[in-house]
Structure formats: structure tokens, C-alpha cells
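Structure first, then comments.
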There are 2 protein chains.
Amino acid sequence: MKAKNTSFDIAYRAGVSQSTVSRALRDSPLVNEETRKRVQEIAKELNYKVDKHASSLRTQQSQTIALLLFEDPTNDDSLINPFFLSMLGSITRACSNRGYDLLVSFQQMNNDWHADFEDTRKADGIILLGYGDYLSYREKLIQLTEQETHFVRWGAEVKELPVVSVGCDNFHGGQQLTEHLLNNGRTHFAFLGGVSNGAPEFKDRYLGHCHALEQANISVDPALQFDAISTEESGYEAMQILIKSNKHVDAIFAASDLIAVGALKAMQEYNIKVPEDIAIVGFDDIPIASFTYPALTTARQNTVLAGELLVDKLLELISGEQAQTRLMATTLVVRESCGSKR
Amino acid sequence: MKAKNTSFDIAYRAGVSQSTVSRALRDSPLVNEETRKRVQEIAKELNYKVDKHASSLRTQQSQTIALLLFEDPTNDDSLINPFFLSMLGSITRACSNRGYDLLVSFQQMNNDWHADFEDTRKADGIILLGYGDYLSYREKLIQLTEQETHFVRWGAEVKELPVVSVGCDNFHGGQQLTEHLLNNGRTHFAFLGGVSNGAPEFKDRYLGHCHALEQANISVDPALQFDAISTEESGYEAMQILIKSNKHVDAIFAASDLIAVGALKAMQEYNIKVPEDIAIVGFDDIPIASFTYPALTTARQNTVLAGELLVDKLLELISGEQAQTRLMATTLVVRESCGSKR
DNA sequence: CTGAAAGCGCTTACAG
DNA sequence: CTGAAAGCGCTTACAG
């Protein structure tokens with residue numbers, strides 16, 4: 001590669017000092033209008049760009065955000081939950097709109113990730129993304145907090161820790177979807193998804209689901225909750241177990257769209273008609289949800305807003321302000337999988 | 001945030017010079033074994049990490065790769081082709097295995113992207129990812145080459161330019177899938193996907209498809225090629241047009257799995273039985289392909305290998321070596337959508 | 001094997 | 001409004 005120009009080269013050509021070049025390029029008011037123009041033109045002409053490392057070293061900030069994406073270790077290499085991927089898209093966009101670069105990194109929970117990014121000053125702050133049990137990495141969150149690292153996370157609120165989270169109102173979403181099923185005359189429910197403490201999102205959806213049932217005077221049978229993680233495969237397997245159990249069910253609450261897709265496939269194989277025999281709802285509204293057959297009724301999480309909120313709150317933290325945890329409402333998206341249009 | 005420790009702090013505590021600290025931390029052979037251990041222990045204890053900007057500034061390399069993902073402008077905000085997303089996953093992993101960070105950026109074709117990353121020294125090299133017409137950004141490729149920027153791209157070979165690409169053998173993949181359909185007794189084919197120069201991947205698949213048909217003495221009817229971009233929506237619409245045209249067809253070649261998913265939905269709505277009435281194949285083998293009903297026969301692109309190849313070839317370029325364009329073979333994945341098991 | 005010193009390319013107080 | 005100078009935190013030739 002050719003030797004790059006430095007601000008000194010620009011200064012030489014413009015006949016000014018290097019300090020003036022630096023000021024002109026940063027639109028400092030301390031520089032004459034004409035000088036500024038001339039410098040900027042020369043810089044453009046020579047295709048000069050300010051060296052990121054030098055300026056970061058000097059200013060002690062990198063204008064970069066690190067996104068740590070935690071993978072479900074049960075997933076294989078290339079499987080990434082599409083919901084997180086659409087989040088990744090909106091986070092990337094939000095960063096770039098705000099003049100920040102985004103460093104992306106996939107992490108296993110067991111890694112020594114907690115100290116790596118801000119400490120090397122690669123990033124001014126960190127976004128933590130991934131479903132799952134914050135209890136299992138509670139200590140790392142504490143350590144991050146103690147180090148005064150700037151970070152925000154996606155997911156359920158962590159009540160005991162001073163951690164800023166952005167998440168969606170899973171309880172209310174679960175309630176909403178269940179009420180929709182009830183309104184369509186369904187009476188016998190099963191829930192597909194693990195509800196341990198290790199899956200707080202699914203658990204909240206389940207609690208909202210149960211709450212709605214109780215409001216309708218339907219008692220909840222724990223035997224009708226089937227564990228599943230958020231993959232098609234897992235949903236497929238859970239649905240098969242349900243079918244083979246011969247329990248009478250006319251409505252399925254799948255804890256995620258991916259689970260619903262797997263469940264749909266199992267039902268098709270067993271010739272169960274959806275929604276005639278069994279209605280089903282998912283959660284997330286991933287792109288495929290409109291293209292299953294029948295199309296999936298689900299609860300949309302606003303990933304675009306979520307990405308922006310995560311970035312904005314992190315930026316607030318970075319600039320020393322306070323930031324609040326935020327729970328976003330979900331939107332009921334009615335399609336055909338429950339047999340009605342509302 | 002607390003003031004961070006520098007190598008001088010470590011040096012002070014270890015009772016050595018800062019130079020020695022630097023050497024010890026980089027496992028230089030020029031440092032006494034014991035000294036090295038002591039320094040490393042102290043560094044660990046103080047949670048010291050080498051400042052990335054300082055070392056990058058000094059060594060003139062950033063240990064960072066930039067991934068520019070080009071979006072189809074027809075797509076909305078959160079829609080990213082799942083195929084690229086799985087590629088993103090494997091690229092991220094490949095980078096981190098090789099000690100590189102990954103900067104991710106979404107780009108519109110019309111942007112001034114071509115000069116931004118390596119020039120600011122944020123990255124040592126660039127990976128270009130996105131379907132589409134390299135002709136439309138031919139000039140930018142030329143400019144990148146002239147600037148001696150290190151870059152590789154995913155996609156069809158660019159014969160006229162000295163550009164390193166990694167792509168898959170779309171022609172052969174198209175041929176393979178078509179032969180599979182022929183082997184299953186299909187005789188009347190339609191192709192769903194745009195085949196203009198602006199979509200070289202789809203075009204190659206189409207050419208492979210046509211080649212296989214000709215080999216089987218089936219003449220190709222251009223009227224049975226229907227434009228579609230790689231979305232479910234577009235596949236759905238193309239399939240509707242095909243159905244309404246009342247042309248007799250017993251096999252569909254969808255240029256991507258996403259298109260196939262949309263086409264499947266249209267067929268289900270029209271009560272067309274797959275594979276009994278019409279067989280269908282996709283391309284890519286995205287995760288959903290195993291969970292459509294019936295499951296989709298398709299051509300797998302090895303995204304894990306692709307990611308590694310892209311990163312490795314870029315690293316070769318960065319270290320001043322030559323690198324060759326590489327075409328990867330696709331794998332036929334037989335599932336149920338063609339009515340056979342082989 | 002170790003240390004003192006130069007220098008990577010900027011930004012910004014300081015002096016004018 | 002402009003310039004000379006210090007300094008961000010490293011790495012590495014140079015001297016010992």
C-alpha cells in the first residue's frame with residue numbers, strides 16, 4: 001500500500017501549520033473560513049483521512065461500540081437466532097447514524113469476555129445481546145459494573161443490580177396472545193418453551209399466558225408446558241411429544257416463532273389442521289412468520305426501536321448521564337394461525 | 001471510569017523498565033523467563049490490557065477487518081438475507097480465531113464507502129459481502145485496487161479485474177438440482193428468479209439449469225423464467241403469476257430458498273400438492289429449508305468454509321502474498337420437495 | 001537480557 | 001485566527 005498522507009502533508013500543501021489542518025478538518029470555529037475550505041479541499045483531493053488510532057489515542061475515546069452476541073451453546077456454528085440478527089441490523093444502523101463504529105463479537109458464556117473490550121479501549125462501551133439466564137453471568141455483570149465499564153444489555157430487567165437493560169414486556173405479550181386465543185374460543189392450551197430461571201424471557205411469556213388463563217377461569221396444567229429452546233428443531237420435538245401424549249389441546253402457545261415453525265411442521269406431518277384442529281401463536285415476528293402456512297399470529301418485538309434504544313442508552317452512559325431500563329410493549333400481529341382476523 | 005493502568009504502572013510495580021514490560025507481554029524471546037512471568041502476573045492482577053490504539057498507531061496495523069455488507073435497497077430495515085447472516089457468523093468466528101477484530105457496517109451501494117475503512121486505518125483490510133451486480137460498482141472496485149486497499153469479495157468471479165473473490169459454483173449447482181428434478185421424472189420446468197446481469201449468481205444458476213435441460217433434450221422456454229429477488233414476498237408473487245398464467249409445470253427451480261418459501265406458500269393457498277403436482281428446489285440451504293412442509297431439496301453453500309476462505313485470503317493479501325479466486329462446490333441436499341430420496 | 005529514547009499521527013492547551 | 005510544543009501509550013531499533 002502507498003504511504004498514506006498525514007496531516008503534515010496536508011499542512012505543507014496548504015501552507016499552514018499542522019495544528020491548523022487538524023482544526024480545519026474538525027470544523028473548529030478557531031479557524032478562518034477560507035483556510036478551512038482550502039484545507040478541506042486539499043484533504044479531499046489527496047484522499048486524506050484522519051488516522052483513527054492516533055486520534056483515539058489522543059482523545060482517549062474510540063467512537064466505537066462493541067456488540068457481544070452470546071450464543072446458545074446448543075446451537076451449531078452457523079445457526080444464529082434470526083431475531084438477534086435483525087437486532088444486529090438495527091444496532092449497526094443506529095451506530096452508524098450516530099457516528100460510531102460497531103465491533104461485533106460472538107461469545108460463549110464461559111469465556112473471559114467480561115473484561116476485554118473496554119479495557120483495551122477498542123470500544124467506549126458494550127452492548128450485551130443474547131437470550132438467557134443472567135444469573136449464570138451475574139458475577140460478570142457485577143464485575144463489569146465494578147470496573148465502571150459502560151454497558152447495556154438486551155433482556156429482562158435485572159432488579160438487584162444497577163444494570164441498564166432494554167427488553168420487551170414479555171409478560172404482557174404472553175397475556176395478549178393468550179387472550180387472542182381465548183377470544184377465538186380456544187379452551188385447551190399447551191405451552192411450548194422452557195420456563196426455568198435460565199430462560200427469563202420465556203418464563204415471563206409463560207407467566208403472562210397463565211395469568212390470562214386464570215382470568216378466564218381456566219386452570220393451568222403444568223403437564224401442558226413442554227420444554228423447548230428457541231429452534232425449529234426443538235419446537236418440532238416438543239410438538240411431537242405433545243402429540244404422542246394424546247392430551248386434548250386446541251391451542252398452542254409457542255414461546256418463539258422458531259418453535260412455532262417446528263411445531264407447525266410436526267402438526268403437518270400428523271395431519272393436524274391449523275387452525276381448525278389446533279390454533280398456534282408464536283413470539284417475535286421474524287420474517288418467516290408471514291410465510292408459514294398458515295401464516296403465524298405472533299407478538300412483534302420492535303427490533304428497530306430496540307436497537308436504537310440500546311445504542312442511545314449506551315451513549316448516555318458513555319457521556320456520563322444516567323440511563324433507565326426500558327421495557328417495550330409488544331404488538332399483537334394477527335394472521336391466520338388462530339382462525340380469525342382479530 | 002477509573003484511570004487505566006499503563007505499561008509504566010506495570011513496570012513500576014515489577015521493578016523493570018517499561019520496554020521490558022512491553023516485551024514480556026508480547027512474549028518476546030528477548031526477556032528473561034522469570035521477569036516475563038512476574039510481569040505477566042502483575043499485569044493480570046491489575047487487569048492491565050495493552051492499549052489497542054497506541055499499539056496500532058505504533059505498529060501501523062489494526063488487527064481489524066472491516067466487513068461491508070451491501071443491502072438490497074428494496075429490502076426494509078430489518079430484513080437481511082439469512083444466507084448472509086450465517087456468513088456473517090462464520091466470518092466473525094474466523095476473524096476471532098485468527099486474532100482479528102471485526103468491524104461491521106451496512107452499506108448502500110450508492111454510498112462513498114469505497115475509501116473509508118482502510119484509509120482511516122480502522123481496518124487492515126475489507127471484506128465485501130452482498131449479492132448483486134458488480135458492474136454497478138465496478139468503478140469502486142477499480143478505485144479500491146488503485147488505492148492498493150486489501151480486499152476480497154463474496155460472489156461471482158470478476159474476470160476483467162484483478163479482484164480476489166470467493167464464491168460458489170452456481171452454474172454447477174443449478175445443473176445439479178435440475179438433474180435431480182429430471183431424475184425424478186419431471187419434464188416441465190419453471191425458474192423463479194431474476195437473471196439479468198445485475199444478478200450474476202441467479203443468472204449462473206439459471207444457465208446451469210438450462211444446460212441440464214438441454215442435455216436432456218428439453219428445450220428451454222424463456223417465458224417460463226419469472227423474475228424475483230431473494231425474498232419470500234417476491235417468490236410468493238412470482239409463483240402467483242406463474243399459477244395464474246395457467247402454464248403446465250411440474251417442477252419449479254427457485255433461485256434461492258427464500259424464493260422457494262414464498263412459492264410454497266402460494267402453492268399451498270392454491271391447493272397445489274408438493275411434490276405430487278409440482279416439485280420444487282431452492283438454493284442456499286438456510287436453516288428454514290428443513291422446516292418447510294414439505295422440507296426443501298436445495299443446494300447447500302458451505303458458509304463456514306466460505307467465511308474462513310474470505311478471511312484467510314484477505315490475510316494473505318494483507319501480508320503481501322498473492323491470493324487466488326476460489327469457487328466452492330455446492331452440495332445437493334435431498335429432502336422431500338421433489339418426491340424422492342435421491 | 002535490559003533500559004533510555006525516538007516516534008507512530010493526531011488534539012489541544014498555551015502563547016501570541 | 002495561527003503556530004510551536006507537549007503528550008496520548010505503546011513498540012522497537014540502538015546501545016550496553
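Order of the sequence lines fixes the chain letters, A, B, ..., with proteins taken first and strands second; residue numbering starts at 1 for each chain. Everything numeric in this text was worked out from a predicted model, so none of it was measured. Values below: all heavy atoms of this structure, side chains included; hydrogens, waters and symmetry mates excluded.
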The side chain to side chain contact (heavy atoms under 4.5 Å, CB included) partner of A:L314 among A:I318, A:V311, A:L310 is A:I318
The nucleotide from C:dG9, C:dA4, C:dT12 with an atom nearest the side chain of B:S17 is C:dA4
Proximity to the side chain of A:V50 - top-ranked nucleotide from C:dC10, C:dT12, C:dC8
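Minimum distance to the A:V50 side chain belongs to C:dC10.
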Qualifying residues under side chain to side chain contact (heavy atoms under 4.5 Å, CB included), relative to [X], sequence neighbours excluded:
{"X": "B:S105", "answer": "B:L68, B:Q107, B:F117"}
{"X": "B:Y12", "answer": "none"}
{"X": "B:S28", "answer": "B:R23, B:L30"}

- What distance, rounded to whole Å, do you find between the two C1' atoms, one in C:dT12 and one in C:dG16?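 Rounded to whole Å, the distance is 16 Å.
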**Item:** All salt bridge (Lys or Arg N to Asp or Glu O under 4.0 Å) counterparts of A:D51, not counting sequence neighbours
**Value:**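 For A:D51, the residues satisfying salt bridge (Lys or Arg N to Asp or Glu O under 4.0 Å) (neighbours in sequence not counted) are B:R121.
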So, is [X] close to the [N] phosphate, meaning a side-chain N or O under 4.0 Å from OP1 or OP2?
{"X": "B:S55", "N": "D:dC10", "answer": "no"}
{"X": "A:S22", "N": "C:dT11", "answer": "yes"}
{"X": "B:R26", "N": "D:dT12", "answer": "yes"}
{"X": "B:S7", "N": "D:dC10", "answer": "yes"}
{"X": "B:Y48", "N": "D:dG9", "answer": "no"}

Residue pairs passing the ring-ring contact (aromatic ring centres under 6.0 Å, His included) test with at least one member in residues 13-60 of chain A, sequence neighbours excluded, are A:H53-B:H53
Within residues 27-46 of chain A, those residues having any heavy atom closer than 4.0 Å to DNA chain C are none
For the pair made of [atom1] in [X] and [atom2] in [N], what is the distance, rounded to whole Å?
{"X": "A:F8", "N": "C:dG7", "atom1": "CZ", "atom2": "C1'", "answer": "11 Å"}
{"X": "A:H53", "N": "D:dT11", "atom1": "NE2", "atom2": "C1'", "answer": "14 Å"}
{"X": "A:Q60", "N": "C:dG9", "atom1": "CD", "atom2": "P", "answer": "18 Å"}
{"X": "A:K49", "N": "C:dG9", "atom1": "NZ", "atom2": "P", "answer": "17 Å"}
{"X": "A:R58", "N": "D:dC8", "atom1": "CZ", "atom2": "P", "answer": "8 Å"}
{"X": "A:Q18", "N": "D:dG7", "atom1": "CD", "atom2": "P", "answer": "16 Å"}
{"X": "B:K122", "N": "C:dG9", "atom1": "NZ", "atom2": "P", "answer": "18 Å"}
{"X": "B:K52", "N": "D:dC8", "atom1": "NZ", "atom2": "C1'", "answer": "17 Å"}

Side chain to side chain donor-acceptor pair (under 3.5 Å) with [X]: which residues, sequence neighbours excluded?
{"X": "B:K52", "answer": "B:T64, B:D101"}
{"X": "B:R26", "answer": "none"}
{"X": "A:D312", "answer": "A:R98"}

Tell me whether the count of non-hydrogen atoms from other residues, nucleotides or ligands lying under 6.0 Å of CZ in A:R38 goes above 12.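 Yes - once you tally the heavy atoms of other residues, nucleotides and ligands closer than 6.0 Å, there are more than 12.
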query = Distance only, no hydrogens: is a donor on one side chain within 3.5 Å (strictly under) of an acceptor on the other, for B:S22 and B:S19?
reply =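 Note: B:S22 and B:S19 side chains miss the donor-acceptor criterion.
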Its dot-bracket string being built from Watson-Crick and G-U pairs below 3.5 Å, with | for another strand and [ ] for crossing, DNA chain D has the pattern |||.||||||||.|||
So salt bridge (charged side-chain N to carboxylate O under 4.0 Å, His left out) across residues 316-327 of chain B, not counting sequence neighbours, yields none
When you compare the protein's N or O atoms with those of nucleotides 13-16 of chain D, which come within less than 3.5 Å of each other, and at what distance?
residue : atom : partner : partner atom : Å
D:dA13  : N6   : B:R23   : NH2          : 2.7

